[in-house]
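Input: a single structure, listed below in structure tokens.
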Amino acid sequence: MTDNPGVPSGGTFATGPHRAATTARTAVVWNVLRDVLAGLGSESGGPLEIVDAGGGTGGSAVPLAELGHHVTVVEPSPDSLAALERRAAEAGVRVRALQGETGDLADLVPAGHADLVLVHNVLEYVEDPLAALVDVVGITRPGGAVSLLAANAVAGILHRALAGHLQEAQRLLESADGRWGEADPMPRRFTERQLVELAALAGLPETEVRGVRVFSDLLPGRVFEGDPQAGRALLELEQAASAHPELSGIATQLHVLARRPAR
């Protein structure tokens, strides 16, 4: 997973365009997760069992542990796990770190164990996204939630075109895997329809989709120069655009929240 700095309690805007844009990029997902955590917490009456599949160095796991939840990270990279343990120690929390791929989830985590499973920036890289998601559903308790975050193929087309790479944009438009060529560092991108269908095939028929980074990756840095309120304005704009059915379609990433059926 590619780590995203968390802002689980809303956060504040530091000065500078990078920090302002970073906060706006992550806030949409964290706002959704806060609502999910509150709902699941009221059902369980205690700390939640959370699994971060492909959790990297703990960019999401550590803030969740700081909220008092029991968090397990399953990550193939030993270097990332070592960095996760350092980050958790610095934060004064405990995160269970397990080395493994999504295909190892059934062996590492009991079936139906997790109240919430994060699958952020993972499906783009696994060999078989459907198999990976089936494994995720297997460790999610009935009534539990799955949070998916994946690269949006439509945004990829837009970004390549705006950068002047028109042939690459054309190839990406025609690609079933959402790639613009052999040199594309992203193995796979998804459309909203593909992600929703993938979730349904894996056993997650009910989904909510939001766009993440609708504007943040399109704005030049000068937007924030000399305007201390620009960061807050961008955050508010991103929040509003994330749930807009047309605007979410051009977001850099798509966030899908799904609940495993209770029965």
Side-chain angles (χ1 to χ4, degrees), residues 1-4 17-18 20-22 24-29 32 53-54 56 101-102 118-134 136 146-202 204 207-224 230 234-235 237-258:
M1 166 181 159
T2 301
D3 287 303
N4 290 319
H18 176 72
T22 297
R25 289 181 181 121
T26 60
V28 168
V29 175
V32 173
E101 308 276 354
T102 53
L118 307 186
V119 192
H120 292 180
N121 308 312
V122 170
L123 294 181
E124 298 95 324
Y125 298 96
V126 297
E127 183 176 346
D128 187 337
L130 178 57
L133 199 48
V134 168
V136 165
V146 175
S147 173
L148 306 174
L149 188 65
N152 182 9
V154 175
I157 299 167
L158 176 63
H159 294 173
R160 297 316 289 174
L162 290 177
H165 304 295
L166 302 184
Q167 291 181 334
E168 292 176 355
Q170 180 71 29
R171 286 196 292 268
L172 202 158
L173 177 63
E174 297 170 352
S175 168
D177 292 328
R179 304 188 73 229
W180 47 258
E182 291 299 321
D184 190 340
M186 185 74 71
R188 187 184 296 108
R189 295 178 183 84
F190 299 89
T191 64
E192 177 178 334
R193 179 180 59 80
Q194 288 172 330
L195 272 181
V196 169
E197 289 180 354
L198 188 67
L201 288 172
L204 300 169
T207 55
E208 300 174 12
V209 182
R210 289 174 176 80
V212 178
R213 294 153 58 186
V214 176
F215 299 106
S216 298
D217 295 344
L218 299 175
L219 294 176
R222 64 177 180 272
V223 171
F224 303 95
L234 176 59
L235 173 59
L237 181 61
E238 287 284 2
Q239 294 284 20
S242 69
H244 192 287
E246 282 77 27
L247 286 176
S248 64
I250 64 169
T252 299
Q253 292 178 301
L254 296 168
H255 182 233
V256 178
L257 180 70

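Heads up: numbering here begins at 1 and tracks the sequence. In this text, all values refer to a predicted model and were calculated from it rather than measured experimentally.
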With the side chain counted from C-beta on, respond yes when [X] and [Y] share a heavy-atom pair under 4.5 Å apart, and no when they do not.
X      : Y      : value
Val212 : Glu238 : no
Trp180 : Arg189 : yes
Val136 : Val122 : no
His255 : Val32  : yes
Arg171 : Asp184 : no
Tyr125 : Met186 : yes
Gln239 : Leu235 : yes
Leu133 : Leu198 : yes

| request: Please answer whether the main-chain N or O of Leu123 pairs with a side-chain N or O of Arg188 as donor and acceptor at a distance below 3.5 Å. | output: yes
| said: Has Asn152 got a side-chain atom pairing as donor or acceptor with Gly249's backbone, closer than 3.5 angstrom? | reply: yes
Heavy-atom pair of closest approach, residues [X] and [Y]:
X      : Y      : value
Ala258 : Thr207 : CB-CG2, 3.8 Å
Thr102 : Val126 : OG1-CG1, 3.9 Å
Gly156 : Leu172 : C-CD1, 3.7 Å
Ser147 : His120 : OG-NE2, 2.7 Å
Ala153 : Gly178 : CB-CA, 4.3 Å
Ser248 : Ser242 : CB-O, 3.5 Å

Straight-line distance of [X] [atom1] to [Y] [atom2], nearest 0.5 Å:
X      : Y      : atom1 : atom2 : result
Leu130 : Glu197 : CG    : CD    : 11.5 Å
Leu195 : Glu192 : CG    : CD    : 8.0 Å
Glu174 : Ile157 : CD    : CD1   : 9.5 Å
Leu257 : Leu149 : CG    : CG    : 11.5 Å

| said: So for atom CD, which belongs to Gln167, do other residues, nucleotides or ligands contribute more than 12 heavy atoms lying within a distance under 6.0 Å? | reply: no
| message | So, using side-chain hydrogen bond (donor to acceptor under 3.5 Å, both in side chains) as the criterion, who are the partners of Asp217 when residues are at least two apart? | response | Arg25, Arg213, Thr252
| said: According to side-chain hydrogen bond (donor to acceptor under 3.5 Å, both in side chains), who are the partners of Arg160, at least two apart in sequence or on a separate chain? | reply: Glu168
